[in-house]
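Contents: one structure, followed by commentary.
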Amino acid sequence: MAGVVIVGAGQAGYKCAETLRAEGYERSITIIGAEKHFPYQRPPLSKAYMKGEVDAERLKFRSDNYYKDHKLKLVTGTRVSRIEPGARRLRLGGGETRSYEHLVLACGSVMRKLSIPGADLDGVCSLQTIEDADTIAQKLSKTENVVVIGAGFIGLEFAAVARSLGKSVTVLEAAARVMARAVPPRLSDYYLKEHARRGVSIICNAAVSEICGEGGRVNAVRCADGSTHQAGLVIVGIGANANMTLAQEAGLECQNGIVVDAHCRTSEAHIFAAGDCTFFKHPFNDEPMRLESVQNAIDQARTVAAAITGKNEPYDVVPWFWSDQYDIKLQMVGLAQGCDKQVLRGKMEDNKFSIYHYHGEALRAIDCINRPGEAMLGRRLLGSGVSPRPEEAADTDFNLKSLMG
Ligand SMILES: Cc1cc2nc3c(=O)[nH]c(=O)nc-3n(C[C@H](O)[C@H](O)[C@H](O)COP(=O)(O)OP(=O)(O)OC[C@H]3O[C@@H](n4cnc5c(N)ncnc54)[C@H](O)[C@@H]3O)c2cc1C
């Protein structure tokens with residue numbers, strides 16, 4: 001029977017194939033991806049690629065030869081339309097079938113869409129693929145006024161790029177503060193000020209009611225309070241859902257994503273899942289959750305490869321994430337959900353500081369601004385379960401490294 005088939009040629013799909021080969025898996029490996037590109041990194045799409053600092057070639061994880069050299073069969077531009085777990089077979093969009101011994105679902109996420117009048121006007125875009133980024137960059141070059149709907153990471157990173165290119169940028173956020181799901185109020189305030197200082201207007205508690213246009217093209221965004229914001233380009237960054245349609249239709253257990261255990265195995269013994277599409281109990285969190293991050297995609301892909309090659313290595317990695325806006329590098333380690341105390345280390349006005357998140361006396365997460373060394377150390381502290389006391393974390397004279405013995 002055929003070896004491993006991976007659905008999705010993104011971060012997790014590529015990493016799983018690479019790790020399987022590195023671990024000595026010798027049977028056939030097929031990666032099937034809906035996009036026409038060889039596997040590439042998405043984070044630069046809202047950062048260096050959008051700024052024009054790197055080209056599409058540089059986004060690729062590997063050279064095109066890599067796949068041939070490692071006997072990885074890469075099928076691009078092809079969507080898997082159905083899984084038949086009983087027969088260990090899947091169907092491609094064109095009706096063709098493929099058999100598998102193990103199947104890996106690495107289908108990523110689907111961007112949420114606005115459901116208001118005008119949402120389908122020309123000039124209303126979301127940012128997930130190279131094509132999206134190219135379309136946006138081209139439209140950006142022809143307009144002066146940009147509205148970003150949603151002040152999450154992607155929306156704010158794009159706002160920073162557009163502003164640095166001299167555009168007039170307004171960000172409309174439904175919540176009371178920016179990046180509210182991911183960072184504490186103090187950090188939201190910091191980002192609000194940093195964007196305002198550079199001329200980006202961020203309006204929180206905004207209820208966007210309509211996207212207006214003329215001749216099929218967007219020209220403004222209207223809010224429920226009657227305010228209107230001129231826009232030649234609108235970026236919708238209101239989050240994403242797990243891409244779990246295939247899994248649901250195949251009868252796999254799904255909740256807020258494809259449910260996987262500590263080995264990234266789904267409710268079907270021969271089917272694994274990794275990356276943005278999964279929903280799982282993280283060892284660093286009390287409740288099951290989804291994580292949309294490069295780290296999670298890479299480490300779950302490694303976990304899948306370990307399980308397929310017969311190693312018993314459950315997923316147990318300190319989560320980390322980063323975001324680049326202007327010259328501000330945010331690095332988050334750990335998970336801050338459920339924390340009841342935040343401690344500041346350093347001074348916010350120096351643009352170099354960290355926020356330590358505690359649950360009782362236990363350190364659960366650290367958000368570092370322009371402190372890469374501390375983010376690295378934070379991963380080690382959290383990974384070994386070592387907690388500085390809150391007063392030690394707050395004291396910049398206290399040497400955190402000393403805790404690592
Ligand atoms: C603009 C942007 C900026 C980001 N910035 C950061 C960042 O700074 N830091 C960070 O940690 N994370 C960032 N992320 C998130 C990160 O890129 C994702 O978490 C990561 O790519 C998830 O990997 P994945 O393999 O699960 O999904 P993806 O990389 O999205 O890959 C999924 C692939 O599956 C394919 N697919 C889906 N269904 C099918 C099907 N039926 N048949 C065939 N193929 C299918 C899709 O076309 C897609 O190519 C960013 C994401 C975006 C979009």
Side-chain angles (χ1 to χ4, degrees), residues 5-18 30-50 59 61 74-83 90-94 96 98 103-112 125-133 136-137 148 150 152-158 160-161 179 182 235-237 239-250 257-258 260 264 272-279 290-301 304 319-325 329-333:
V5 176
I6 300 170
V7 183
Q11 181 78 65
Y14 149 74
K15 192 70 197 177
C16 185
E18 184 205 59
T30 306
I31 315 171
I32 305 173
E35 293 184 67
K36 67 178 188 204
H37 306 280
F38 276 42
Y40 65 91
Q41 322 165 47
R42 293 184 202 286
L45 298 180
S46 51
K47 309 175 182 77
Y49 185 75
M50 186 58 69
L59 299 185
F61 294 116
L74 184 58
V75 185
T76 55
T78 302
R79 187 166 283 281
V80 173
S81 59
R82 191 145 57 112
I83 309 167
L90 47 79
R91 279 182 193 279
L92 308 186
E96 222 183 301
R98 297 280 162 116
L103 180 66
V104 182
L105 298 176
C107 316
S109 55
V110 185
M111 290 290 180
R112 285 191 203 121
C125 306
S126 61
L127 176 52
Q128 188 172 32
T129 64
I130 288 185
E131 283 78 10
D132 294 339
I136 290 169
V148 177
F153 289 115
I154 293 178
L156 289 185
E157 286 178 358
F158 176 78
V161 172
M179 301 190 292
I235 303 299
V236 180
N241 296 322
N243 186 353
M244 56 184 178
T245 315
L246 275 181
Q248 280 172 318
E249 288 173 358
I258 305 170
V260 293
C264 291
F272 295 83
D276 285 10
C277 62
T278 63
F279 184 71
R290 279 184 67 224
L291 271 177
E292 286 171 23
S293 71
V294 165
Q295 172 276 318
N296 183 58
I298 290 175
D299 288 316
Q300 285 195 325
V304 171
W320 54 264
F321 184 84
W322 81 97
S323 173
D324 296 330
Q325 296 168 39
K329 179 174 272 303
L330 166 66
Q331 289 167 292
M332 307 165 78
V333 296

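Each ligand, and each atom within it, is numbered from 1 in the order the structure gives.
For the 3.5 Å distance criterion, the side chains of S126 and Q128 fail to qualify, holding no donor opposite an acceptor. There is no side-chain donor-acceptor pair under 3.5 Å between E35 and T129.
Side-chain contact check for L127 versus E157: every heavy-atom pair is 4.5 Å or farther apart.
Remark: of the listed residues V75, L92, L105, L103, L92 is the sole one forming a side-chain contact (heavy atoms from CB on, under 4.5 Å) with V80.
In terms of the side-chain contact (heavy atoms from CB on, under 4.5 Å) criterion, residue partners of A17 (sequence neighbours excluded) are, by chain and number, I6, I29, I31, L72.
For ligand 1, the protein residues placed under 4.0 Å by at least one non-hydrogen atom are V7, G8, G10, Q11, A12, I32, G33, A34, E35, R42, P43, S46, K47, T78, R79, V80, A106, C107, G108, L127, Q128, I154, N243, L246, G275, D276, E292, S293, V294, A297, F321, W322.
Atom CD of Q295 sits about 8.5 Å away from atom CD of Q300, to the nearest 0.5 Å.
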